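Quick caveat, the model's predicted, so the values are computed rather than measured.
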Amino acid sequence: MCQVSPPRRYVLPSLAVFHFLVAAAGLWAGPTYQAAADIRFRGTSTLHDFEGSMPPPVFSVRLSDRTTGQSDLAVSAEISVLAAELTTHHEKRDMNMHRMLDLVHFPVIKVSVADARIPESGNGEISLLLRIRDRTETILARISDWHEDSGGVSFLLDFPVSLKTFGLRPPSLLGVIRVGDEVVVTCDVHPPIENQVAGLVGKSG
């Protein structure tokens, strides 16, 4: 009689697929912290330079699981801000800026970072995605002063934004006063104020 062999059990491939699915689902991700960002931007014009800011948004920062043997830390985050909240504290200039950004059709500006590697020194360069209006571009940013403790994370992030790259055309005054193409954005990321207050209360108790 011909004997039929039982079906083989492919244990190792099945485990590999399981590990991949678990990792993709984020079940092995590291800690996630709430953070706030003091965002400032500065630009130039033929008349004088200008600076601007906005209310600090609160967002989540997810870190990689450092038990995987990677020497560098991987960071993911996404910040969405209302373009209408950008201000240079000059009414006419703000009106022109908001018109250029087309608040009616594109009210949100978004910055996202996906598994960006932070060197052990806490200083280096990372790539981020910046969406302004209907365009998304990859921007090279400089990160510095990385710090992490039980209260959260803090770091500085600086990156340039080319208005021309995003199809933005700032208005000129009498064809003489023009805004420079590059605007430099600085994000001072830190734990939200309520986290800091809670930490101080805990220490005093």
Check: Asp94/His89 side-chain N/O donor and acceptor closer than 3.5 Å: no
Donor-acceptor side-chain pairing of Thr88 and Glu51 below 3.5 angstrom: no
Is there side-chain contact between [X] and [Y], with at least one heavy-atom pair below 4.5 Å?
X      : Y      : value
Val81  : Ile79  : yes
Pro170 : Met97  : no
Glu148 : Pro31  : yes
Ser80  : Lys110 : yes
Asp134 : His105 : no
Thr87  : Met54  : no

Measure the [atom1]-[atom2] distance between [X] and [Y] for me, rounded to the nearest 0.5 Å.
X      : Y      : atom1 : atom2 : answer
Leu157 : Ile126 : CG    : CD1   : 5.0 Å
His90  : Asn96  : NE2   : CG    : 9.5 Å
Arg93  : Ser45  : CZ    : OG    : 7.5 Å
Glu137 : Leu130 : CD    : CG    : 8.5 Å
Lys164 : Asp181 : NZ    : CG    : 5.5 Å
Ser144 : Ile118 : OG    : CD1   : 10.5 Å

Arg142/Asp158 ion pair, N-O < 4.0 Å: yes
Shared hydrophobic cluster for Ile139 and Leu156 (ILVMFWY, side-chain gaps under 4.5 Å): no
Hydrophobic cluster membership, Val161 vs Leu168, 4.5 Å side-chain cutoff: yes
Derivation and outcome, side-chain contact (heavy atoms from CB on, under 4.5 Å), residues Leu73 and Leu63: CA-CA 7 Å; Leu73 179 66; Leu63 307 184; 4.1 Å; yes
If only atom types and distance count, is the side chain of [X] paired as donor or acceptor with the main-chain N or O of [Y] below 3.5 Å?
X      : Y      : value
Ser76  : Asp115 : yes
Arg133 : Met100 : yes
Thr138 : Leu129 : no
Asp145 : Phe155 : no
Ser64  : Ala74  : yes

Results of ring pair (Phe, Tyr, Trp, His ring centres under 6.0 Å) for Phe166 - residues two or more places apart only: none
Taking all atoms of both residues into account, what is the closest heavy-atom pair of [X] and [Y], and its distance?
X      : Y      : value
Leu163 : Val179 : CD1-CG1, 4.3 Å
Phe59  : Ala37  : CE2-CB, 3.8 Å
Arg135 : Gly167 : NH1-N, 3.5 Å
Pro119 : Gly124 : CG-CA, 4.3 Å
Gly152 : Pro191 : CA-CG, 4.3 Å

Worked verdict on His190 versus Asp38 for side chain to side chain donor-acceptor pair (under 3.5 Å): CA-CA 8 Å; His190 54 80; Asp38 297 326; 3.1 Å; yes
Worked check of side-chain contact (heavy atoms from CB on, under 4.5 Å) between Val153 and His147: CA-CA 6 Å; Val153 297; His147 178 73; over 6 Å; no
CA sep, side-chain torsions, deciding dist, call: Val111, Glu78, side-chain contact (heavy atoms from CB on, under 4.5 Å): CA-CA 6 Å; Val111 180; Glu78 183 175 291; over 6 Å; no
Stepwise side-chain contact (heavy atoms from CB on, under 4.5 Å) test for Leu128 and Phe159: CA-CA 9 Å; Leu128 56 83; Phe159 57 91; 4.0 Å; yes
Aromatic plane relationship, Phe50 with Phe41 - under 30° parallel, 30 to 60° tilted, over 60° perpendicular: perpendicular
